[in-house]
2 protein chains.
Amino acid sequence: MAATKSSQPGDVRQRILGESTRLFAARGFEGTSLQALADAVGVRKPSLLYHFDSKEAIRDQVIDDLLNHFRDEIPRRLAAAQGGLDRFASAVSALLEFFREDPDRARLVLREVLDQPEATQERLLTHLQPWVHLVTDYIRMGQQSGRVRGDVDPEVYLMQVVMMVLGTVASAPVTGALLDRDEDPGMPRRIDELIRMARVGLFVDRDEEKRSGTGTGTGTGTGTGTG
Amino acid sequence: MAATKSSQPGDVRQRILGESTRLFAARGFEGTSLQALADAVGVRKPSLLYHFDSKEAIRDQVIDDLLNHFRDEIPRRLAAAQGGLDRFASAVSALLEFFREDPDRARLVLREVLDQPEATQERLLTHLQPWVHLVTDYIRMGQQSGRVRGDVDPEVYLMQVVMMVLGTVASAPVTGALLDRDEDPGMPRRIDELIRMARVGLFVDRDEEKRSGTGTGTGTGTGTGTG
DNA sequence: CCTACCGATCGGTAGG
DNA sequence: CCTACCGATCGGTAGG
């Protein structure tokens with residue numbers, strides 16, 4: 001039942017990578033057989049190994065594509081973005097949306113961290129270090145200007161924000177139910193809270209009105225609403 | 001090569017669970033064969049299935065033991081703790097140390113979230129909901145007294161802190177290298193920053209001196225948290 | 001807790 | 001990109 005039978009040149013190769021992303025994210029690398037992958041793509045098993053040297057080679061390509069896409073896309077989005085939100089929220093949202101667009105990206109990264117700590121460490125260093133330096137330099141500038149808290153550890157701060165992003169996106173189906181009873185469908189509560197924590201964790205509270213007691217909607221639209 | 005040959009009654013069963021924890025955490029459930037597990041325990045493969053009905057049954061027991069231990073241990077530690085740290089830092093440290101004592105716990109939880117979102121959701125609800133309510137009620141009390149920011153979403157805040165804890169511990173070998181160049185050996189930087197972010201994300205900045213410019217040690221001095 | 005054994009499936013190859 | 005096929009290993013069982 002190969003519903004789609006096309007013959008574009010790199011088409012099958014790309015479909016293999018696409019289905020691998022989905023299956024590796026959902027079931028893990030070890031939990032995904034070449035047979036299951038071939039079925040998903042709509043080809044025979046040996047065809048996978050015509051396009052790639054081994055199952056491992058498929059994994060490597062999937063991860064490299066993901067990291068390259070991240071590296072190319074994030075700076076572009078940070079430059080653009082700012083759709084109605086302030087600069088900081090735009091930046092965090094850009095990061096968040098990259099993974100929200102395809103939650104498999106977050107799951108895949110977490111799986112690689114767990115499955116291959118050393119190889120992943122090296123890969124992340126290679127692909128992400130320029131981006132890390134960009135962000136941390138920016139934070140340090142903010143510290144010198146006094147807008148950013150002096151006790152922020154720039155690299156670690158960034159790492160923790162990324163952790164929240166990955167965790168929030170990857171565990172979306174699980175954490176929804178832990179929010180007392182409502183499901184936080186488009187996950188606005190988790191997004192708002194993530195941005196809020198990232199913000200107050202970074203910036204000096206300027207002319208902050210001392211909020212106390214019930215949280216009046218401060219425009220974040222959090223609304224605990226659980227009664 | 002069965003280096004250890006003991007005959008305590010529940011001994012083998014416990015050793016199976018212990019080695020399963022280690023192997024499932026490191027390689028995942030699908031990445032761990034019964035043969036590899038038997039080798040690690042020092043018995044023959046069928047012996048595993050004398051103690052447990054199936055490989056799945058081993059996984060279930062490992063997870064249940066972990067969650068039960070968490071449920072029993074955390075309240076106890078929250079009550080005790082406070083070794084030189086303020087109340088809040090003690091609480092976060094208690095959570096952190098539970099996973100730091102055995103990072104496999106964090107890896108296992110993350111793997112279960114990825115491998116079995118639905119089953120894990122239900123398990124977490126069952127085991128953790130009382131604890132979640134305890135914490136979130138406490139946060140809400142703080143909000144009414146004005147010490148806690150009104151715009152904090154208690155459930156989501158807790159979830160995000162847990163995310164940072166799990167991410168920090170599970171990815172320790174990976175993230176060490178991303179911290180520019182130093183390795184943050186006992187991971188004090190990551191711990192301090194986590195506690196700092198959790199703190200400023202929760203509490204109203206009281207008589208906060210406007211820190212600006214270079215961050216002089218502001219007395220967060222949470223140290224390594226290990227006391 | 002062991003020996004002996006099972007059918008099914010694994011990643012991968014030969015050869016076209 | 002396919003058919004045909006490989007040895008190795010998978011989770012699990014029989015029977016003691």
Side-chain angles (χ1 to χ4, degrees), chain A residues 1-64 108 111-112 115-116 119, chain B residues 1-64 108 111-112 115-116 119:
Chain A
M1 307 314 188
T4 19
K5 194 75 180 182
S6 58
S7 25
Q8 304 284 350
D11 185 45
V12 171
R13 192 171 200 273
Q14 282 308 311
R15 295 218 323 272
I16 292 172
L17 293 173
E19 295 300 327
S20 296
T21 300
R22 283 184 34 212
L23 289 170
F24 290 166
R27 312 179 190 176
F29 178 78
E30 301 286 352
T32 303
S33 66
L34 287 179
Q35 188 60 63
L37 179 55
D39 291 347
V41 176
V43 298
R44 303 292 178 170
K45 193 174 56 161
S47 302
L48 302 177
L49 299 165
Y50 163 78
H51 289 283
F52 297 92
D53 286 342
S54 66
K55 193 188 174 191
E56 268 292 336
I58 300 178
R59 168 195 228 152
D60 287 345
Q61 196 60 54
V62 166
I63 302 299
D64 275 343
L108 222 41
R111 282 195 186 276
E112 286 298 305
D115 285 348
Q116 318 194 87
Chain B
M1 306 307 234
T4 19
K5 194 77 181 183
S6 59
S7 27
Q8 304 284 347
D11 186 45
V12 172
R13 191 170 201 273
Q14 283 308 311
R15 296 220 318 275
I16 292 173
L17 293 173
E19 294 299 327
S20 297
T21 300
R22 284 184 33 214
L23 289 170
F24 291 167
R27 312 179 190 176
F29 179 78
E30 301 285 353
T32 303
S33 65
L34 287 179
Q35 187 60 63
L37 179 54
D39 291 347
V41 176
V43 297
R44 303 293 178 168
K45 193 174 56 162
S47 302
L48 302 177
L49 299 165
Y50 162 78
H51 290 283
F52 297 93
D53 287 342
S54 65
K55 193 187 173 189
E56 268 292 336
I58 299 178
R59 169 195 226 150
D60 287 344
Q61 196 58 55
V62 166
I63 302 298
D64 275 343
L108 221 42
R111 282 196 186 275
E112 287 298 304
D115 285 347
Q116 317 194 88

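Excluded from the calculations below are hydrogen atoms, water molecules and symmetry mates; all remaining heavy atoms, backbone and side chain alike, are included. Proteins come first, then strands; the chains are lettered A, B, ... in the order of their sequence lines, and each starts at number 1. Everything quoted here is computed from the prediction, not taken from an experiment.
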Is there a side-chain polar atom (N or O) of A/S33 under 4.0 Å from OP1 or OP2 of C/dT9?
no
Watson-Crick or G-U wobble partner for C/dT9, using a 3.5 Å limit on both distances?
D/dA8
Out of C/dG12, C/dC1, D/dC2, which nucleotide sits closest to the side chain of A/S47?
D/dC2
B/F29 and B/E56, any side-chain heavy atoms less than 4.5 Å apart:
yes
As a test of reading the structure: which of C/dG12, D/dA4, C/dC1 is closest to the side chain of A/P46, going by heavy atoms?
D/dA4
A/Y50 OH to C/dG16 P: how many Å, rounded?
17 Å
C/dG16 pairs with which nucleotide, Watson-Crick or G-U wobble, both distances below 3.5 Å?
D/dC1
Nearest nucleotide by nearest heavy atom, which residue falls closer to the 5' end of DNA chain C, B/V43 or A/S54?
B/V43
Within-4.5 Å side-chain heavy-atom neighbours: B/D115 and A/R111:
yes
What is the distance from CD of B/Q35 to C1' of C/dC6, rounded to the nearest Å?
15 Å
From NZ of B/K55 across to P of C/dT9 the rounded distance in Å is 15 Å
Under 4.5 Å between any side-chain heavy atoms of A/R59 and A/Q116, yes or no?
yes
Any side-chain heavy atom of A/V12 within less than 4.5 Å of one from A/R15?
yes
Criterion side chain to side chain contact (heavy atoms under 4.5 Å, CB included) against B/H51, the qualifying member of B/I16, B/V41, B/L17, B/V43
B/I16
Of the options D/dC2, C/dG12, D/dG11, whose atoms approach the side-chain atoms of A/L34 most closely?
C/dG12
What is the distance, rounded to the nearest whole Å, between atom CG of B/L49 and atom P of C/dT3?
15 Å
Expressed as a whole number of angstroms, how long is the span from A/R59:CZ to C/dG11:P?
12 Å
Just the rounded figure in Å: distance from P of D/dG11 to CG of B/D39.
12 Å
Counting side-chain heavy atoms from CB outward, which of C/dG11, C/dC1, D/dT3 is closest to A/R44?
D/dT3
base_contact_polar (C/dG12 base, A/K45 side chain, donor-acceptor, <3.5 Å):
yes
Please report the distance, rounded to the nearest Å, between CD in A/E56 and C1' in C/dC10.
14 Å
Spacing of B/L23 atom CG relative to D/dG11 atom P, expressed in whole Å:
12 Å
